[in-house]
Structures are given as structure tokens and as C-alpha cells.
Amino acid sequence: MKDPKKIICISCPIGCELTVGYENDQLSVSGNKCARGKSYGQEEYLEPKRIVTAVVKTNSATLTYIPIKTDQPLKKEYINDLLNHLYQLEVKVPITLNQCLLKNFNNTGVNIVFTRSLEA
Amino acid sequence: MIEKKYHSIVIGGGAAGLSAAYEISKSGFSVALIEREESLGGILMQCIHNGFGLQEYKEELTGPEYAERAIAKMAGSGVEIITSTTVSDLIDENGTKTAHCYSAVHGALKLGADTIVLAMGCRERNRGNIGTAGTRPAGIFTAGSAQRLINIEGFIPGKRVVIIGSGDIGLIMARRMTWVGAKVLAVVEILPYASGLTRNITQCLNDFNIPLYTSHIVSRIYGHDRVEKVDITPLVDGAPQDEDTFSIECDTILLSVGLIPENELSCKIGVEINQDTKGPYVHSNYMTNVKGVFACGNVLHVHDIVDFVTEEARRCAVNVVDYLRRKILPTEFRIQPGANVIYLVPNHYVPGEEINLYLRTFIVKNNAQLIVETSDKVVLEKKLLHVRPSEMIKVRIGEKDLARLSADEFKDLKVSIV
């Protein structure tokens with residue numbers, strides 16, 4: 001069990017300061033003004049995830065790096081592994097928008113997709 | 001030399017230009033879209049992070065994805081796209097506009113039009129604008145040029161980084177620099193609060209334990225060939241506390257200290273600039289003081305969300321079409337910034353027609369109140385849950401609200417936030 005944590009809610013611009021922690025074995029969120037704040041606080045406390053975006057090297061003469069993203073948020077502890085893996089790659093053109101680069105990265109269920117198309 | 005004529009010339013192929021050109025052409029008018037880069041998309045192409053498109057497409061996209069959707073619409077739209085081409089001069093002769101352009105691909109071009117849409121975007125403020133003391137070594141970049149280096153060219157500008165200013169691009173770059181292996185040592189903000197969006201503070205700084213020094217300035221830059229060190233001085237009530245100055249050794253400085261609409265070209269054709277926005281004064285139909293010359297997007301005022309740019313450009317285009325059809329200008333009244341309002345756009349309205357207003361406030365406040373009034377009557381009161389200078393406020397004053405005014409009561413409006 002972890003200690004209570006202060007988390008700033010990013011569900012909307014108000015930015016409530018949430019306190020998330022266990023109270024009598026129940027995960028409780030306080031400081032939120034709405035339901036979105038509660039679910040954000042819970043997820044951010046238990047299993048923080050992020051969308052990761054980066055660029056990978058291409059064999060194209062016109063664009064030497066092409067942008068990619070995770071198709072859904074990735075658990076934070078996997079981010080560095082993913083980045084290190086991406087830096088080793090060189091991808092071949094042509095590439096279409098949303099084409100998949102990596103399927104099910106490290107069995108997380110997260111796919112890596114291209115966010116730009118590039119002709120040969 | 002290529003000479004051609006169009007109903008409309010749109011200058012700039014970013015979010016605003018793409019949206020405006022598409023909408024004008026959809027109404028059957030001939031349009032040329034001129035872009036100085038080799039490809040369309042503008043600044044979106046280097047903004048590889050996500051968070052774009054929530055309003056426009058109801059999903060979260062990255063910059064290049066957002067651009068590609070807009071570019072895809074151009075195919076078959078009839079818009080003539082002229083890339084790798086820079087407009088060097090704009091001339092207005094008896095209502096006919098001429099754009100003089102040059103291009104490595106097309107040579108010299110002389111393009112004529114009935115209307116011009118200015119959509120050139122903005123550029124970054126740099127070290128000269130904030131006047132930081134010290135030497136002039138290599139290693140000082142604006143955040144946007146560092147972003148281009150990393151995301152398009154594939155170069156990493158440095159290893160130990162201090163970021164001046166907490167604007168969104170600076171925050172995004174703090175994360176980006178960290179993810180390419182650099183160490184971001186500090187973000188230094190002169191104001192007592194961060195200028196960027198909260199979600200960027202938490203996801204780009206707090207995630208990596210990057211310290212944010214609010215009410216601090218970088219007071220001196222050291223280094224001969226390359227940046228070696230910066231001095232950071234705290235401010236109390238705006239006064240530097242020299243005795244509390246501390247130093248950070250670094251090899252790179254990124255500047256995220258605001259954007260300025262790029263209006264040199266606008267001035268050449270006689271467009272008048274509002275010093276509060278650094279963009280043109282516009283009528284309710286987005287027309288500048290020069291008849292037939294319109295403006296939209298970041299060249300008009302700096303937006304924080306691209307979706308608003310697309311929307312504003314679309315609205316501008318509807319008015320361009322209306323002008324091309326009718327060429328009449330309605331009677332208008334002014335809309336002026338009142339208490340706590342830095343600026344608002346547009347600066348005029350037509351009696352009885354709905355107004356879509358964009359504005360920024362000086363204050364940070366929860367449960368603020370927006371008041372639209374004439375000198376003797378309140379037209380609209382609206383509660384705003386949270387306001388701050390970094391978040392643009394968008395408000396629609398509908399025909400119903402304006403119906404509170406009888407015909408002889410239409411006069412200048414004042415917009416305040418309390």
C-alpha cells in the first residue's frame with residue numbers, strides 16, 4: 001500500500017489539487033470538484049499512463065525522421081524501454097498515416113503507429 | 001514571370017490558411033494558397049505531441065495528424081497550391097491586389113486577386129526581446145527552433161538545458177529534451193505563475209521532477225564559444241534580489257517567451273496593427289482596415305489551441321465569400337476591452353448579428369464573471385468557472401442577447417471580466 005499523494009487534476013483547466021490515498025482499505029480521492037477528477041485521481045495514483053510521441057529514423061531523402069505515437073496511453077514504467085527501442089530503428093518508406101510500426105509493445109496491448117505519411 | 005488572377009489569395013499554408021482556402025474554394029471562387037515551405041501544414045508538422053483536435057475532430061491527435069486531415073481536404077478542392085514560394089510584396093491598386101512572389105521552383109510570380117487572406121502565423125520572441133545580460137555564445141535557441149531541430153531534422157541541440165519562460169512550447173520541449181536523453185535543469189518564469197497549460201506543467205515538468213522557478217529571471221548568461229552557465233535571480237514584487245542569485249551550469253538555453261504575429265507583409269499593403277495583439281485591427285467580418293484584405297489565425301492574435309484557429313479561419317472565409325458576392329460593408333459599432341481584458345477580437349460588430357468573441361484576461365480567478373454592456377445597458381452576463389491569462393476565452397454573443405438592445409440602443413460595446 002502506498003502513501004497518500006497530491007495530484008493536480010488535468011481533466012479541465014481549473015486544475016483541482018487532489019489528495020489520493022487509502023482510507024480503511026478504500027481508495028479515496030478528495031479535493032476534486034467533479035466525477036472526472038475522481039477517476040483521473042484513481043488512475044493516476046494506481047497506474048499512471050502517458051501517450052508517448054517521438055520520431056524514428058527513415059531511409060527517405062526528403063524527411064530523415066518521421067513522427068510516431070502510442071495508440072493509447074502507455075504505463076509510465078515502460079516509456080524509457082520504448083524510447084530506447086525506437087532509437088535503434090530505421091524505417092522504410094513509403095509510410096501511410098496511422099500505419100502500425102510495432103504491435104503490442106512488451107505485451108502491454110499498446111501499438112506504435114506513424115502520425116505522418118511519407119512517399120517513397 | 002508567371003502572372004495569374006484569382007478571386008482570393010491566401011498567404012500561409014498552416015492551420016489557418018488551409019481552413020480558409022478550403023472554405024472559400026468550396027463556394028466556387030478561385031483560390032491560390034501560397035506557402036513558403038516545401039510542404040503544407042505550418043508549425044503543426046513539428047508539434048509531434050498529442051492534444052490537438054479535441055474540439056474540431058472530437059479526438060486527440062498529434063500536430064502532423066491534424067495537419068494531414070486538413071491537407072487531405074485540399075485534394076479535389078480546386079485550391080491552387082503554390083509551395084516553396086515567398087510573398088515579398090503586397091500592393092493594392094484601386095481595389096485590385098497584387099502579390100509579388102519569388103520561388104526556387106516557380107521563379108518570379110505576380111499574382112492578382114480581389115481579396116487577400118493573411119494567414120502567416122507568428123514567430124517566436126527571442127533573446128533580444130527579453131534583453132538578458134551576458135555573453136553571446138552558441139547554444140541559445142528559441143524553443144520552437146529546438147523543436148524543429150529534434151522533430152524534423154533529427155539533431156539534439158544540447159545535453160544540459162535551462163528553459164527561460166514557461167509557455168507551452170517551452171514545457172513541451174522540457175519533456176521532449178528529456179525523452180531524447182538531455183537533462184533539463186530548470187524552467188525559469190518571470191511571472192509568479194506558470195504561463196503554460198496546467199496539463200503541460202504536470203505532464204512535462206512534474207513527471208520528470210524538473211524544477212519550475214516562478215518569480216525568477218535568468219540574470220546573466222556565461223560562456224565563450226558555448227553556453228557554460230546561467231545566473232538565476234529571484235524577484236520580490238518585481239525587484240531582483242541580487243544577494244539570492246544562484247548559478248546553474250548548462251550548455252543549452254531554450255527560450256519560450258511568447259509569440260508575435262508576423263505582420264511585416266500586412267504593413268506593406270497598409271494594414272493597421274493593434275499594439276495589444278500585434279495583429280491587425282479587424283471588423284466583425286475579419287476584414288482589416290484595407291478593403292478586401294482579411295486576417296485569421298495566429299497572424300491576427302496568438303491562439304493557444306489550433307482548433308480555434310481552424311474555426312476562426314472558417315468564419316473568416318465565410319465573410320470573404322460574402323464580400324466577394326456583395327462587396328457591401330454594413331454599419332458597425334466598436335467592441336472595446338473593459339476591466340481586466342488584455343485584448344479582444346474582432347474589434348467591431350454589426351447590429352443584430354451574432355458576435356463570436358475571442359479574448360484574454362489579465363487575472364487568474366475561479367468563478368469569474370464576463371459582462372458585455374453598452375454605456376447604459378448590460379447585454380450579456382456569463383459565469384466563467386476559471387480564467388487565466390494563458391487560456392483564451394471564447395464567447396458567443398447571440399442574436400437573442402443582442403435583442404435586448406432596441407434599434408436606437410446599438411452602440412459601442414464594452415467587455416469586462418470581474
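Naming convention: chains lettered A, B, ... in sequence-line order (proteins, then strands); numbering from 1 in each chain. Note: hydrogens, waters and symmetry copies are ignored here, and every other heavy atom, side chains too, is used.
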What is the minimum heavy-atom distance between A:I10 and B:R199, and which atoms define it? CG2-CA, 3.5 Å
Which atoms of A:L63 approach chain B - backbone, side chain, both or neither, heavy atom under 4.5 Å: side chain
Part of A:I7 within contact of chain B (heavy atom distance under 4.5 Å): neither
Honestly, the part of B:I201 sitting under 4.5 Å from a heavy atom of chain A is neither
Please check if the number of heavy atoms outside A:K57 that lie under 6.0 Å from its NZ is greater than 12. no
Should we count CZ of B:R69 as having more than 12 external heavy atoms under 6.0 Å? yes
Quick one: what part of B:E153 sits under 4.5 Å from any heavy atom of chain A, side chain, backbone, both or neither? backbone
With a 4.5 Å cut-off on side-chain heavy atoms, are B:D207 and A:K76 touching? yes
Which atom names give the shortest non-hydrogen contact between A:T64 and B:I152, and what distance separates them? OG1-O, 4.0 Å
Are there over 12 heavy-atom neighbours, none belonging to A:Q26, within less than 6.0 Å of that residue's CD? no
Side chain / backbone / both / neither for A:L83 at chain B, heavy atoms under 4.5 Å: side chain
OH of A:Y87 to CH2 of B:W179: how many Å apart, nearest 0.5 Å? 9.0 Å
Identify which part of B:I48 has an atom lying under 4.5 Å from any heavy atom of chain A, answering side chain, backbone, both or neither. both
State, with a plain yes or no, whether a side-chain heavy atom of A:N98 is found less than 4.5 Å away from one of B:E65. yes
Part of B:N50 within contact of chain A (heavy atom distance under 4.5 Å): both
So, do B:T198 and A:I8 sit near enough that their side-chain heavy atoms are less than 4.5 Å apart? yes
Could you walk me through whether B:R176 and A:V55 satisfy the side chain to side chain contact (heavy atoms under 4.5 Å, CB included) test, starting with their C-alpha distance in whole Å, then the side-chain angles of each, then the deciding distance to 0.1 Å, before giving a yes or no? CA-CA 10 Å; B:R176 194 75 194 100; A:V55 290; 3.7 Å; yes
Whatever's closer than 4.5 Å to a heavy atom in chain A on B:V180 counts as both
Portion of B:E68 that has a non-hydrogen atom of chain A nearer than 4.5 angstrom: side chain
Just jot down the ring pair (Phe, Tyr, Trp, His ring centres under 6.0 Å) partners of B:H49, sequence neighbours excluded, or say none. B:F52
Sort by residue number and list every member of residues 106-120 of chain A having a non-hydrogen atom under 4.5 Å from chain B. A:T115, A:R116, A:S117
B:E38 versus chain A, the contacting section by heavy-atom distance below 4.5 Å: neither
Part of B:S39 lying under 4.5 Å from any heavy atom of chain A: side chain
Are there over 12 heavy-atom neighbours, none belonging to B:F208, within less than 6.0 Å of that residue's CZ? yes
